[in-house]
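Throughout, protein chains are lettered first and strands after them, A, B, ... in sequence-line order, and every chain is numbered starting at 1. Being a predicted model, the structure only gives us computed values, none of them experimental.
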2 protein chains.
Amino acid sequence: MSDEAPWLDDAEMEAWLAVIGLVMRLPAALDDQLRREAGLSHFEYGVLASLERAEDRTMRMSDLAYLCNGSLSRLSHVARRLEEAGLIERFQCPTDGRSTLAKLTEPGLHRLVEAAPGHVRLVRELVFDELDEGEVAEFGALARRLVDRIKT
Amino acid sequence: MSDEAPWLDDAEMEAWLAVIGLVMRLPAALDDQLRREAGLSHFEYGVLASLERAEDRTMRMSDLAYLCNGSLSRLSHVARRLEEAGLIERFQCPTDGRSTLAKLTEPGLHRLVEAAPGHVRLVRELVFDELDEGEVAEFGALARRLVDRIKT
DNA sequence: TCCAAAAGATTGAACGTTCAACTAATTCTA
DNA sequence: TAGAATTAGTTGAACGTTCAATCTTTTGGA
């Protein structure tokens, strides 16, 4: 453990507080809208949306958890609830008995399609109405570099 | 409710997934480090750090909640635990009987000072070692605009 | 001035996430 | 190829957050 840990200077602190504000408030804002209007958490929405984009609307639990930025344990609990609600189904992977595959059901797809417009509207309001095309690209590229660094 | 809600195009989606990745993984990474090394959640750390910077190390609960990007209810529960641990104390505001003031105690300050180096080290690793000065300013400014829009 | 409405804060219950323990299947290695 | 180690996933308990209800104090209007 290096003892090089200089405190943040003013410019860094200002940027850092903005970033912290964003990472704490954005998920909360998305959660609120989705819960009120669609009865889904943002994480649940992410699970359904990820499956929808996947080959055969099916993914391994591990890969899904990674893609949804959550732990496997978290996904496992959420998947149980989504399965009970009939929005997804789970079954063992035929090629690797350790793996579970999750698949979006028709009702799950309908639920996603119902929820999407309101969600996208908020995302536009909060992000894409504020930034122009170039800023979006810039912001996305910087965020991507930070995410990749966190993932290690 | 307008029916103008065009789906995200490829560039927008790419940026959006990066932003979502950041807002979901960064708090988790900060939480992990702080819990392991200092026995504090990131939110608790933020409460202590905010009080440390405040006039007389004291703030109204409402203002503190706002500054810490959390609900008043969340802060209230956390404050009870921090008070039980002796890290803060609470008392009624002398000028407005509705308000509660929270104040950082000496043990609370020591706990913060203990936790800070490890936390700052991680923040540097994840963010400030990746971005140069200009990128930090840019990223901070963009994040600030989005946060302000969320707050409304 | 009196009463209704609003603001500040707390509380308990419901819900969701994390953590650690566990099971089962596969891969590695001696 | 047997046994150890690793990988994938689930589960229950502990913990933290949210939600709605409640309480108190202050503010605003008739």
Side-chain angles (χ1 to χ4, degrees), chain A residues 23-47 58-85 87-103, chain B residues 23-47 58-85 87-103:
Chain A
V23 302
M24 297 198 71
R25 296 186 111 110
L26 185 55
L30 300 175
D31 253 345
D32 283 352
Q33 181 273 327
L34 278 168
R35 273 195 201 288
R36 274 199 321 277
E37 297 178 23
L40 292 171
S41 69
H42 179 245
F43 188 75
E44 288 169 335
Y45 181 92
V47 169
T58 301
M59 283 187 82
R60 275 174 74 230
M61 291 289 282
S62 293
D63 298 336
L64 189 52
Y66 183 80
L67 194 61
C68 292
N69 305 295
S71 69
L72 184 52
S73 171
R74 181 183 187 178
L75 176 62
S76 187
H77 286 296
V78 167
R80 180 177 41 69
R81 295 192 288 267
L82 291 176
E83 190 169 39
E84 279 165 9
L87 305 183
I88 69 169
E89 52 191 18
R90 285 183 291 180
F91 49 93
Q92 221 182 9
C93 175
T95 64
D96 186 335
R98 291 170 298 182
S99 298
T100 302
L101 300 178
K103 182 180 167 90
Chain B
V23 302
M24 297 197 70
R25 295 187 113 109
L26 184 54
L30 299 176
D31 252 345
D32 282 353
Q33 181 273 327
L34 278 167
R35 273 196 202 289
R36 275 200 320 275
E37 296 179 22
L40 292 170
S41 69
H42 179 245
F43 187 75
E44 289 171 333
Y45 181 90
V47 168
T58 301
M59 282 187 84
R60 274 173 74 230
M61 289 291 282
S62 294
D63 299 335
L64 188 53
Y66 183 80
L67 194 62
C68 292
N69 304 297
S71 70
L72 184 51
S73 172
R74 179 182 188 180
L75 176 61
S76 188
H77 286 297
V78 167
R80 180 177 42 69
R81 294 192 288 267
L82 291 176
E83 191 169 38
E84 280 165 8
L87 305 183
I88 69 168
E89 52 193 16
R90 284 183 294 180
F91 48 93
Q92 223 184 7
C93 174
T95 63
D96 186 335
R98 291 171 299 184
S99 299
T100 303
L101 301 178
K103 183 181 166 92

Self-check item: Distance-only donor-acceptor check, side chains B:R60 and B:S99, under 3.5 Å
Solution: yes

Quiz item: Under 4.0 angstrom, heavy atoms only, what part of the nucleic acid is B:R90 near: base, sugar-phosphate, or nothing?
Solution: sugar-phosphate

Self-check item: d(CG, B:L72; P, D:dT22) in whole Å
Solution: 18 Å

Practice problem: Whole angstrom is fine here: how far is it from CD in A:Q92 over to C1' in C:dT23? | Solution: 12 Å

Self-check item: Nearest-0.5 Å distance, CD of residue B:Q92 to OG1 of residue B:T100
Solution: 7.0 Å

Quiz item: Does a side-chain N-to-carboxylate-O contact under 4.0 Å join A:E89 and A:K103?
Solution: no

Quiz item: Rounded to the nearest Å, what distance is computed from the CE atom of residue B:M61 to the P atom of nucleotide C:dT11?
Solution: 10 Å

Quiz item: Separation of B:D31 atom CG from D:dG16 atom P, in whole Å?
Solution: 11 Å

Quiz item: Between atom CG in A:L75 and atom C1' in C:dG16, what is the gap in whole Å?
Solution: 14 Å

Quiz item: If every non-hydrogen atom of A:F43 is compared with every non-hydrogen atom of A:L75, which pair is closest and at what distance?
Solution: CE2-CA, 4.2 Å

Please write out the pairs of protein N or O atoms and N or O atoms of nucleotides 17-20 of chain D separated by less than 3.5 Å, giving the distance to one decimal.
| from | atom 1 | to | atom 2 | distance (Å) |
| --- | --- | --- | --- | --- |
| D:dT17 | OP1 | B:R74 | NE | 3.1 |
| D:dT17 | OP1 | B:R74 | NH2 | 2.8 |
| D:dT17 | OP2 | B:R81 | NH2 | 3.0 |
| D:dT18 | O4 | B:H77 | NE2 | 2.9 |
| D:dC19 | N4 | B:S73 | OG | 2.7 |

Quiz item: Taking atom P of D:dG16 as reference, at what distance in whole Å does atom NE2 of B:H42 sit?
Solution: 16 Å

Quiz item: Taking atom C1' of C:dG16 as reference, at what distance in whole Å does atom CG of A:L34 sit?
Solution: 16 Å

Exercise. State whether A:Y66 and B:R25 meet the cation-pi test: NZ (Lys) or CZ (Arg) under 6.0 Å from the six-membered ring centroid, and within 45° of the perpendicular axis.
Key: yes

Self-check item: Closest approach of B:R80 to B:R90 (non-hydrogen atoms, all atoms of both residues)
Solution: CA-NH2, 3.5 Å

Quiz item: What are the two closest non-hydrogen atoms of B:M61 and B:A79, and how far apart are they?
Solution: CE-CB, 3.7 Å

Quiz item: Taking the side chain of B:R60 as its heavy atoms from C-beta onward, which of C:dA25, C:dG8, C:dT10 lies nearest to it?
Solution: C:dG8

Quiz prompt | Proximity to the side chain of B:S76 - top-ranked nucleotide from C:dT27, C:dT11, C:dA7 | solution = C:dT11

Quiz item: Rounded to the nearest Å, what distance is computed from the CZ atom of residue A:R98 to the C1' atom of nucleotide C:dT27?
Solution: 7 Å

